[in-house]
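Report on one structure; see the data block that follows.
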Protein chains: 2
Amino acid sequence: MAYTLHDIAALSGVSIATVSRVINGKPGVNTETREKIIRKIKELDYQVNFNAKSMKTRRTNTIGLITADITNPFYSEAAKTIEFQARKQNYTLIVGNTGNSMSEEQTIIRAFQQRQVDGFIFASSALRDSAVENLVNSPVPVLLYHRHLGGQCRHHFVGSDERKGIALALEHLSSLGHRRVAFISGSRKFSTGAERLRFFLELRRTYGIDETPHLIQEGGYEIAKTSRAVEQLMRLQHTPTAIFAANDFMALQVLHQVLELGYRVPEDISVMGYDDIPLASHNSIQLSTIDVQITHGAHLAVMNLINLIDGIASDTQPVRMLLEPKLVIRSSTAPPT
Amino acid sequence: MAYTLHDIAALSGVSIATVSRVINGKPGVNTETREKIIRKIKELDYQVNFNAKSMKTRRTNTIGLITADITNPFYSEAAKTIEFQARKQNYTLIVGNTGNSMSEEQTIIRAFQQRQVDGFIFASSALRDSAVENLVNSPVPVLLYHRHLGGQCRHHFVGSDERKGIALALEHLSSLGHRRVAFISGSRKFSTGAERLRFFLELRRTYGIDETPHLIQEGGYEIAKTSRAVEQLMRLQHTPTAIFAANDFMALQVLHQVLELGYRVPEDISVMGYDDIPLASHNSIQLSTIDVQITHGAHLAVMNLINLIDGIASDTQPVRMLLEPKLVIRSSTAPPT
DNA sequence: CTGTTAGCGCTTTCAT
DNA sequence: ATGAAAGCGCTAACAG
């Protein structure tokens with residue numbers, strides 16, 4: 001059994017109130033008494049019971065992170081930063097993986113509520129996710145990271161400026177001289193997937209990209225879908241000179257498949273990704289992509305959530321931070337020949 | 001403010017004790033009363049305050065996972081399974097990343113203790129880690145996963161049979177006809193690194209592997225170290241016909257570097273890894289390796305820890321489970337030419 | 001079958 | 001400067 005305030009108080013010959021005061025650095029304690037108590041605390045290696053404390057303070061100093069899949073390098077990178085920043089501010093992180101299942105998500109939300117988390121970070125929500133929408137309308141602060149809920153629901157969000165990112169990619173490909181640029185979209189159930197497609201369609205004309213419908217394909221999480229998309233594309237009369245995948249995960253698959261088909265990258269065809277997951281920079285891959293500033297965003301997510309918890313940030317004016325994406329040119333893109 | 005037992009009790013016209021009984025499925029409540037209460041709970045969407053409950057029950061139903069780096073695919077894979085299995089048993093997971101820093105580790109341990117976690121899983125400990133050793137001797141159950149603390153300290157452990165794994169790899173290379181097999185060891189600060197090297201040295205004779213000292217090189221987490229090792233190896237008069245790296249992370253680097261130097265894999269040189277991280281099976285990599293059963297081990301880790309928490313497993317007889325590793329033959333190994 | 005009550009370990013008024 | 005006491009939301013005797 002661990003020591004309690006009572007133990008420290010009894011052994012120091014004072015009341016628990018006084019011990020509580022010194023633990024919390026409150027004023028109004030005689031210096032000698034304070035030192036005596038501190039000595040005792042050190043001696044016994046006393047540790048506060050945060051749960052008991054929470055009962056009075058209504059603060060658990062824990063934040064709940066809900067992610068679709070921690071195995072996804074994008075999220076594990078974010079989780080690492082979130083955990084670190086949270087800990088620096090004396091918060092601990094509890095995590096849940098939804099595996100993109102709504103029912104799991106709901107279960108996790110409830111479990112976290114029961115644990116009285118001070119705030120939630122979602123790094124996984126789909127567009128129109130009613131569980132999250134309900135939560136957003138509850139009194140506990142919720143911040144969406146990377147993917148948002150769409151227009152209908154007011155919520156706090158830290159993410160990347162997708163329009164800017166698509167523009168950056170198109171500008172790069174266009175300036176290399178590409179006109180027949182294929183696009184493989186991600187799942188449109190997520191804001192990122194939907195927006196990247198939308199902005200591609202919206203911006204391609206500006207950059208002089210060919211508007212042939214066949215150049216747009218739908219990908220997604222299942223490799224098979226991306227695979228089929230690539231097949232379709234490479235079977236076209238006029239094959240694209242560049243393939244732009246809406247995320248690195250798909251881009252990697254594209255890269256592999258195109259190589260398998262005997263094309264050289266980037267000599268015969270350029271491949272462009274999006275996100276800049278760690279693997280993209282791996283020396284045997286070297287994928288050109290858009291860096292969405294994962295860790296920077298994760299850092300801001302924690303900061304903003306804690307401000308919300310502390311009531312520093314106003315809750316009426318939703319947080320909405322869009323980070324500047326950066327173009328990362330590696331060796332999967334080059335001028336068409 | 002969320003509802004409490006009092007609210008439900010008042011609104012149902014019963015006492016809090018009765019409500020508590022129905023919530024915990026305790027017998028001795030009139031069916032009608034029970035149903036009335038259940039209705040009220042549903043209607044208000046009442047959720048128990050786990051913290052308050054913990055004060056009485058001395059159980060928080062949370063387990064602390066401490067990992068070196070959640071970004072490492074090995075650990076994120078494990079974390080995913082651990083979170084899932086824990087949740088299935090009504091536990092939540094709180095996580096901490098040490099980044100291999102002892103002081104961070106100590107900080108995390110204390111934070112978790114203050115949160116009254118019911119048990120710890122370490123997936124990151126070094127040999128002779130005094131913080132963990134102390135913790136192991138405290139009353140709260142601690143289970144080491146993947147890496148253990150070495151012989152001096154009795155503790156619960158779930159890992160892989162490293163001797164068997166090395167034997168499997170050597171048998172594979174040997175049966176392909178390799179004799180000049182180089183070995184790049186991992187950091188010996190960890191049980192895995194130390195043991196794999198030890199078993200390689202111990203077993204190579206059995207498999208007819210050349211015992212030239214130059215074939216043993218030291219690698220580690222810094223890419224530069226592995227890089228230098230490969231350079232040394234390929235500068236030898238008799239270059240090895242196969243390079244066996246003590247983990248996939250290094251093997252990937254070896255693969256890249258050897259390819260860069262103009263060798264073909266596996267025609268000119270075979271490369272073998274260890275661990276079978278997800279990336280090893282990536283279609284553009286196809287690394288032959290040893291599968292250490294990450295998820296199976298993670299699953300067992302949770303089960304065993306919970307048994308320990310529940311006092312089902314005896315605490316005097318330490319858990320020590322060594323899973324059977326499996327040989328995974330992909331396309332980075334072939335007979336020497 | 002149901003209610004009363006005493007804490008779990010802590011913070012925080014309010015007295016002294 | 002210090003202590004007594006109430007109470008956070010819950011469980012678990014104990015009484016009735």
Side-chain angles (χ1 to χ4, degrees), chain A residues 1-38 40-41 44-62 90 110-111 113-118 139-140, chain B residues 1-38 40-41 44-62 90 110-111 113-118 139-140:
Chain A
M1 211 47 248
Y3 292 105
T4 72
L5 272 193
H6 278 93
D7 301 325
I8 305 294
L11 293 166
S12 317
V14 295
S15 75
I16 59 169
T18 308
V19 180
S20 175
R21 286 190 189 99
V22 350
I23 285 172
N24 296 294
K26 295 266 164 79
V29 179
N30 183 299
T31 316
E32 271 179 34
T33 327
R34 161 166 281 135
E35 277 171 1
K36 183 174 60 182
I37 294 172
I38 290 181
K40 216 58 195 176
I41 289 176
L44 301 183
D45 190 28
Y46 164 78
Q47 314 230 49
V48 285
N49 180 328
F50 241 86
N51 283 353
K53 182 172 182 158
S54 300
M55 296 229 53
K56 287 299 293 183
T57 61
R58 267 79 238 306
R59 277 294 193 78
T60 54
N61 272 51
T62 87
N90 201 29
R110 297 186 79 88
Q113 286 177 321
Q114 294 176 173
R115 258 80 182 187
Q116 320 292 118
V117 297
D118 291 334
V140 32
Chain B
M1 213 45 247
Y3 292 105
T4 71
L5 271 193
H6 278 93
D7 301 325
I8 305 292
L11 293 165
S12 316
V14 294
S15 76
I16 58 168
T18 308
V19 180
S20 175
R21 286 188 190 100
V22 349
I23 285 172
N24 295 296
K26 295 265 164 79
V29 180
N30 183 299
T31 316
E32 272 179 34
T33 329
R34 161 164 283 136
E35 277 170 0
K36 183 174 60 183
I37 294 171
I38 290 181
K40 216 58 192 176
I41 289 176
L44 302 182
D45 190 28
Y46 164 78
Q47 315 230 48
V48 284
N49 180 329
F50 243 87
N51 283 354
K53 181 171 182 158
S54 300
M55 297 229 54
K56 287 297 291 184
T57 60
R58 266 83 237 306
R59 278 293 193 79
T60 55
N61 273 53
T62 87
N90 201 30
R110 296 186 80 88
Q113 286 177 322
Q114 293 175 173
R115 258 82 182 184
Q116 320 292 120
V117 297
D118 291 335
V140 31

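Quick caveat, the model's predicted, so the values are computed rather than measured. Here is how names work: the chains are called A, B, and so on, in the same order as the sequence lines, proteins then strands, and each is numbered from 1.
For the pair Asn51(B) CG and dT11(C) P, the interatomic distance rounds to 14 Å; values are reported in whole Å. The separation between Leu5(A) atom CG and dC8(C) atom P is 12 Å, rounded to whole Å. Rounding to whole angstrom units, CZ of residue Phe50(A) and C1' of dT11(C) are separated by 13 Å. The CE-P distance, from Met55(A) to dT12(C), rounds to 14 Å in whole Å.
Atom-to-atom distance recorded for Ile41(B):CD1 and Leu44(B):CG is 9.0 Å, nearest 0.5 angstrom. We find the CG-CZ distance between Asn51(B) and Arg115(B) to be 10.0 Å, quoted to the nearest 0.5 Å. Atom CD1 of Ile37(A) and atom CD of Glu35(A) lie 11.0 Å apart (nearest 0.5 Å). Atoms OG and CG, on Ser54(A) and Asn49(B) in that order, are 9.0 Å from each other to the nearest 0.5 Å. Taken to the nearest 0.5 Å, the CD atom of Gln114(B) stands 10.5 Å off from the CG atom of Asn61(A).
Under the 3.5 Å distance criterion, the side-chain polar atoms of Ser12(A) are left unmatched by any main-chain donor or acceptor of Val14(A). Formation of a donor-acceptor pair under 3.5 Å by the Thr60(B) side chain with backbone atoms of Gln116(B) is found in this model. With hydrogens and angles disregarded, no donor-acceptor distance shorter than 3.5 Å links the side chain of Ser20(A) to the backbone of Ile16(A).
Heavy atoms of Tyr46(A) sit under 4.0 angstrom from primed sugar atoms or phosphate atoms, though from no base atom.
When side chains are defined from C-beta on, Phe50(B) does not count as touching Thr62(B), because their heavy atoms never get closer than 4.5 Å.
Axis angle across the helix from dC1(C)-dG16(D) to dT16(C)-dA1(D), with five pairs used at each end and values rounded to 10°: 50°.
For the segment residues 24-33 of chain B, the set of residues with a heavy atom within less than 4.0 Å of an atom of DNA chain C comprises Gly28(B), Val29(B), Asn30(B), Thr33(B), in numerical order. Within residues 12-22 of chain B, the residues that place at least one heavy atom under 4.0 Å from DNA chain D are, in residue-number order, Ile16(B), Ala17(B), Ser20(B), Arg21(B).
For DNA chain D, the contact window with chain A, defined by any atom under 4.0 Å from a protein heavy atom, covers dA1(D) to dG9(D) in 5' to 3' order.
Val140(B) approaches Asp118(B) most closely through the heavy-atom pair CG2-O, 3.7 Å. In terms of heavy atoms, Ser15(A) sits closest to Ala9(A) at C-CB, 3.7 Å.
Partners of Asp45(B) by salt bridge (charged side-chain N to carboxylate O under 4.0 Å, His left out), not counting sequence neighbours, listed by chain and number: Arg110(A).
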When the side chains of residues 25-32 of chain A are checked against the rest of the protein, which donor-acceptor pairs come out under 3.5 Å, sequence neighbours left out?
from	atom 1	to	atom 2	distance (Å)
Asn30(A)	OD1	Glu32(A)	N	2.7

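Mapping Arg58(B) and Arg34(B) onto DNA chain C via the closest heavy atom, the residue that lands nearer the 5' end is Arg34(B).
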